[in-house]
Amino acid sequence: MASGQRSPLREKAEWLLRFAGMSLATPRDFRRLRLEAHRWLDPDGARPLELGELRDVQAHLQRGLKALHRKQPWEHRVQGRHVLLSGAKGLHGPLSRRFETQRPSDRYVVNAMDVLTEVGDRLRTCKRPGCGRAFIAVKRQEHCIDCAKAVQTARVASWRRRNAQRVRDLAHETYVRRKRRESGRRNLNIERRPRKG
């Protein structure tokens, strides 16, 4: 896979985690999310969900993620049936399966559970104290994207405080390179001003 491209499974799982925390407060939010949910969780379904059904799916996702975070099972009772479909050539073609439920919202929840199962050990909880948000990790990632940025900013600020002279030296070297480039003089020598105080 080329760098910068995400797998469809990863995109779907990341959308699911965002959806679990989204607001369905305004009609505009709902219209957009109902179409996205239909596309991500039940593209072969007959219709997108209504507001109450979509809120029900979101509540199931939130409860399920909390249960998994507490190392408890995520259970969702449904009335449905598994259907195995023959391929174009009967038993000689690839078989496909389908899970049919009485309520469309149940199918959304079951499909969401399947997506998170396929993500496997990349589904993690942010280790930053006070966060605990679920995210899809890249390699050994331990923090959600927001916390990772905050942790990196704090790490850089700490390094800059501990290495103040090195920071000044790097800034001066960058300044000298820029002035040499602007003037066209490769041997331009710029003395550093003495620090005040």
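Residues Leu54 and Phe30 are in side-chain contact: their nearest non-hydrogen atoms beyond the backbone lie under 4.5 Å apart. When side chains are defined from C-beta on, Val78 does not count as touching Val109, because their heavy atoms never get closer than 4.5 Å. Contact of the Trp159 side chain with the Val167 side chain is registered, since non-hydrogen atoms from C-beta on lie closer than 4.5 Å.
Partners of His76 by ring-ring contact (aromatic ring centres under 6.0 Å, His included), not counting sequence neighbours, listed by chain and number: His60. Annotation: side chain to side chain contact (heavy atoms under 4.5 Å, CB included) contacts of Gln165 (sequence neighbours excluded): Arg168, Asp169, Arg192. Looking at residues two or more places apart in sequence or on another chain, you find a side chain to side chain contact (heavy atoms under 4.5 Å, CB included) between Gln102 and Gln79. Residues forming a ring-ring contact (aromatic ring centres under 6.0 Å, His included) with Phe19 (at least two apart in sequence, or on another chain): Trp15. Residues satisfying the side chain to side chain donor-acceptor pair (under 3.5 Å) test with Glu142, not counting sequence neighbours, are none.
To the nearest 0.5 Å, the span separating CH2 on Trp40 from CZ on Arg18 amounts to 8.0 Å.
In the model, Gln58 has no side-chain atom that pairs as donor or acceptor with a side-chain atom of Arg55 under 3.5 Å.
Between Cys144 and Cys126 the shortest heavy-atom distance is N-SG, 3.4 Å. Between Leu61 and Ala112 the shortest heavy-atom distance is CD2-CB, 3.7 Å. Summarising the geometry of Ala13 relative to Ile136, their closest heavy-atom pair is CB-CD1, 3.7 Å, with the distance given to 0.1 Å. Between Ala20 and Leu65, the closest heavy-atom pair is CB-CD1, 3.9 Å. The heavy-atom pair separating Arg47 from Tyr108 by the smallest distance is O-OH, 3.8 Å. Closest of all the heavy-atom pairs between Leu116 and Trp74 is CD1-CZ3, 3.7 Å.
Listed by first and then second residue, the side chain to side chain donor-acceptor pair (under 3.5 Å) pairs that reach into residues 122-134 are His69-Thr125, Arg133-Asp146, sequence neighbours excluded. Applying the salt bridge (Lys or Arg N to Asp or Glu O under 4.0 Å) rule to pairs touching residues 31-40 yields Arg32-Glu36, Arg34-Glu50, sequence neighbours excluded. Counting only residues at least two apart or in different chains, salt bridge (Lys or Arg N to Asp or Glu O under 4.0 Å) contacts with residues 102-117 comprise Asp42-Arg107, Asp56-Arg103, Arg103-Asp106. The salt bridge (Lys or Arg N to Asp or Glu O under 4.0 Å) contacts involving residues 171-189 comprise Lys179-Glu182, where partners must be two or more places apart or lie in separate chains. Among pairs with a residue in residues 156-166, none fulfils salt bridge (Lys or Arg N to Asp or Glu O under 4.0 Å), at least two apart in sequence or across chains.
Not one N or O on the side chain of Ser158 forms a donor-acceptor pair closer than 3.5 Å with the backbone of Ala154. With hydrogens and angles disregarded, a donor-acceptor distance shorter than 3.5 Å links the side chain of Gln141 to the backbone of Val138.
Summarising the hydrophobic clusters (Ile, Leu, Val, Met, Phe, Trp, Tyr; side-chain heavy atoms under 4.5 Å, direct or chained), the residues clustered with Ile190 are Tyr175, Val176, Leu188. Side-chain heavy-atom separations under 4.5 angstrom define the hydrophobic clusters, and the remaining members of the one that includes Leu85 are Val83.
Linking ILVMFWY side-chain heavy atoms closer than 4.5 Å, directly or via other members, places Met22 and Leu41 in a single hydrophobic cluster. Both Leu68 and Leu9 are assigned to one and the same hydrophobic cluster, defined by single-linkage of ILVMFWY side chains at heavy-atom distances under 4.5 Å. In this structure, Leu33 is not a member of the same hydrophobic cluster as Leu35, with clusters built from ILVMFWY side-chain heavy atoms closer than 4.5 Å.
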